[in-house]
Amino acid sequence: MDRLPPLNPLRAFEAAGRLRSIRKAADELSVTPGAVSRQVQSLESHLGTPLFRREPREIVLTPEGEQYLAAITLHFDGIREATRKLTGQTTIEVVRIRAYTTFAVKWLIPRLSSFHADNRTTEVRLTTSVEAVDFDRENVDGAIRLGDGNWPGVEVDRLIANELVPLCSPALRRHAGLKKVGDLAGQTLLHSLVRLDDWRYWLEAAGAEGIDPYAGPKYASSTLAYQAALEGQGVMIAQKALFSEDLRARRLVQPFGPPLNRGEFTYYFIYPRNRMRNPAFRRFREWLLAQTRT
DNA sequence: GCAGGGGAGTTCCCCTGTTT
DNA sequence: AAACAGGGGAACTCCCCTGC
């Protein structure tokens, strides 16, 4: 086939695929969902290939749809860029970064203003997830991940060590008289559901006995456990590097040690090699690595 | 467990603007 | 004038969520 497919349906598909929603695509294109649905169907009919699976109340890209979307998105980006140049608008370069929620909230976002101050034409689009990133299928340039540094097929930069320590509010430490590991008995341990084993790792390393490492409230994210700790509702097990500002401001205190270092849980920045062709991405990476040294 | 509400996508009918 | 493309509105289906 050497002719272009119908471009309006292609545009509708690009929006629906990118937003994973007919309704959101309709909002973006200022048409009704019915119009987008028909446009996508007409493109599928033209191509002779289903691009979406219709699930109850949602659409899911087929593998062919994923590949097609990834390919045409590059060209839509090119059209947007060319239009910006033609109309004299300042070019905004976008760097798409994936991180864990707590890393984003406690470490990355507080520092991002310094990046934007020096890179006014670069926009960092930050998304959060605990799931592994698939650079071939997802529109992500780089991801901050915990691991042992062994990710086949991508470039890897070591960021910061992951040192686990117990943290609580100053008031709780005072009232509960927390001075040594054994004082944790009878205290509420706060957990993140995605890092449920952290208390066990730490209690074993600290030589604590008779304390159930899995007892206590469990939160969907360390960010929520952090809020509970601020409120004095218990003791959290935390990655110290993410909470240095809270420790400095004494919103949280570390009642006792020892810190636990686990080599396989170090923060790394991972990205496909081809992203280094993007100057904005290179600048972000350089800035990120510099931040870890300060 | 069940009924009702509501969200998301699809289908159908009709209208409007453009092309031939 | 007829054919066609594109889109709106309403009705429909499906099914998740919520309250009882």
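As the structure is a prediction and not an experimental result, all values here were calculated from the model.
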Sort me out a list of protein N/O and nucleotides 7-12 of chain B N/O pairs below 3.5 Å, or just none if empty.
{"from": "B:dA8", "atom 1": "O3'", "to": "A:Arg57", "atom 2": "O", "distance (Å)": "3.4"}
{"from": "B:dG9", "atom 1": "OP1", "to": "A:Ile22", "atom 2": "N", "distance (Å)": "3.2"}
{"from": "B:dG9", "atom 1": "OP2", "to": "A:Ile22", "atom 2": "N", "distance (Å)": "3.4"}
{"from": "B:dG9", "atom 1": "OP2", "to": "A:Arg23", "atom 2": "N", "distance (Å)": "2.9"}
{"from": "B:dT10", "atom 1": "OP1", "to": "A:Arg54", "atom 2": "NE", "distance (Å)": "2.4"}
{"from": "B:dT10", "atom 1": "OP2", "to": "A:Ser37", "atom 2": "OG", "distance (Å)": "2.6"}
{"from": "B:dT10", "atom 1": "O5'", "to": "A:Ser37", "atom 2": "OG", "distance (Å)": "3.4"}
{"from": "B:dT11", "atom 1": "OP2", "to": "A:Gln41", "atom 2": "OE1", "distance (Å)": "3.2"}
{"from": "B:dT11", "atom 1": "OP2", "to": "A:Gln41", "atom 2": "NE2", "distance (Å)": "2.8"}
{"from": "B:dC12", "atom 1": "N4", "to": "A:Arg38", "atom 2": "NH1", "distance (Å)": "2.8"}

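In this structure, A:Arg283 fails the cation-pi test against A:Trp287, since its NZ or CZ atom is not both closer than 6.0 Å to the six-membered ring centre and inside 45 degrees of the ring normal.
Pairs passing the salt bridge (Lys or Arg N to Asp or Glu O under 4.0 Å) check and including a residue from residues 244-261 of chain A, sequence neighbours excluded, read A:Lys106-A:Asp246, A:Glu245-A:Arg248, A:Asp246-A:Arg251. Residue pairs satisfying the ring pair (Phe, Tyr, Trp, His ring centres under 6.0 Å) criterion with at least one member in residues 217-244 of chain A, sequence neighbours excluded, are listed as follows: A:Tyr226-A:Phe243.
Using the six-membered ring where Trp is involved, A:Tyr267 and A:Phe103 have ring planes that are tilted, between 30° and 60° apart.
Within a 6.0 Å radius of CZ in A:Arg11, other residues, nucleotides and ligands contribute 12 heavy atoms or fewer.
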